[in-house]
Asker: 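Let me give you the structure first, and then I'll get to my questions.
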Amino acid sequence: MEALALQKKEQRNAELRERLLQLKKERNAIILAHFYQRPEIQEVADFIGDSFGLAQKAKETEADVILFCGVHFMGESAKILNPNKTVIIPDERAGCPMADMVNVEGLRKVKAQHPNAKVVAYINTSADVKAETHICCTSSNAQRVIESVDSDEIIWVPDKNLGHYVSQFTSKKMIIWEGYCNTHDQLSVQDIMLMKAEYPEALVVVHPECRPEVVALADYVGSTTGILKFCKESSKKEFIIGTEDGTRYMLEKDSPNKHFYYASKYLVCPNMKVNTLKKCVEALETLKPQIYVPEHVANAARASLERMLEVAPG
Ligand code: SF4
């Protein structure tokens, strides 16, 4: 019965894939997918990446339409970098709770309290918030970005865990916002210890959005791209993974003979998973939902994103 259901699902996905590829051609579209997307979406994507790689790709593309499979702020970044292109997302409910933890009003208050500080925003922020910041960064370039800023005082938004992690590598004063990623922040020391007891040979590899006490137990800490590279190049065969479950697709593709044990069954971002192949097809059929960013907001946010791309191009 289960095998039959699986077979039906595969057949349905094959039909959707075919339709999607046809629409992609008709629309002159590119499909960009985040590493946390469902495997069937990663399979059809033209480019799979983390926030940084996707922002770069969005800036380079010559396609007329960008179908951005990720969460809302990522689609906004693509639109900001490509104001003349049509940017669509599979489901407008795909938001990021961490990005929603900072708003313009709150940020302006903190800026007023620290008039000499410059704001560094993790790319996981809305366009409105980016427009209030000096420079954006991602987990792969945060340290370089912080050092590039012409101020010894930094207001950091919104992820407190990543903020804490990067603050260890700078002498600058960091005023850290209290946001967090629900998916990474719930990973506990106990989760890691239980996995280490079960797989004593495995290396612990985590994303810096995890809590400091979890990061302290890791053999490697890095962005999603960093994690993929580390696991691929390592001579070790077993890894305890402390990041979102969607990364399994690429980890297993890159290293089919290695073993990846996810440190918790809750390492699944429900927001990333609202996107489905069917919704991708519908989005390319209707060119909806489209991302729209008001021009004055886009201009200010673009300056912040482009500063990042200049300072840390890769
Ligand atoms: S994994 Fe965390 S930071 Fe990424 S979209 Fe989900 S909630 Fe936001």
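Just so you know, ligand 1 is whichever comes first in the structure, and atom 1 is the first atom listed for that ligand.
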Asker: Measuring only between side-chain heavy atoms, which start at C-beta, is Phe260 closer than 4.5 Å to Ser255?
Answerer: yes

Asker: Run the salt-bridge test on Glu92 and Lys288 with the 4.0 Å N-O cut-off and return the result as yes or no.
Answerer: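 Result for this pair is no, no salt bridge flagged.
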
Asker: Determine whether Tyr180 and Glu209 satisfy the following criterion, side chain to side chain donor-acceptor pair (under 3.5 Å), listing intermediate values before the conclusion.
Answerer: CA-CA 7 Å; Tyr180 57 90; Glu209 284 175 17; over 6 Å; no

Asker: Nearest protein heavy-atom contact for atom 3 (S) of ligand 1: which residue, which atom, what distance?
Answerer: Asn124 ND2, 3.2 Å

Asker: Measure the shortest side-chain to side-chain distance between Lys130 and Ser77 over non-hydrogen atoms and say whether it is less than 4.5 angstrom.
Answerer: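 Lys130 reaches Ser77 side chain to side chain.
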
Asker: For atom 7 (S) of ligand 1, what is the nearest protein heavy atom, given as residue, atom name and distance?
Answerer: Pro97 CD, 3.5 Å

Asker: Which of the atoms in ligand 1, numbered in the order shown and given with their element, are less than 4.0 Å from a heavy-atom of Cys181?
Answerer: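 What qualifies from ligand 1 is 1 (S), 2 (Fe), 3 (S), 7 (S).
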
Asker: Considering non-hydrogen atoms of the protein only, which is the closest contact for atom 8 (Fe) of ligand 1, and what is the distance?
Answerer: Cys96 SG, 2.4 Å

Asker: Using a 4.0 Å heavy-atom threshold (strictly under), name the region of Glu209 that reaches ligand 1: side chain, backbone, both or neither.
Answerer: side chain

Asker: Please confirm whether the backbone N or O of Glu244 pairs with a side-chain atom of Thr247, one donor and one acceptor, at under 3.5 Å?
Answerer: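 Side chain of Thr247 to backbone of Glu244: a pair is present.
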
Asker: Provide the number and element of each atom of ligand 1 under 4.0 Å from a heavy atom of Cys269.
Answerer: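 Near Cys269, meaning under 4.0 Å from one of its heavy atoms, ligand 1 has 1 (S), 5 (S), 6 (Fe), 7 (S).
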
Asker: Provide the number and element of each atom of ligand 1 under 4.0 Å from a heavy atom of Tyr36.
Answerer: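 Numbered from 1, ligand 1 contributes 1 (S).
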
Asker: Would you call the rings of Tyr122 and Trp156 parallel, tilted or perpendicular, taking 30° and 60° as the class edges?
Answerer: parallel

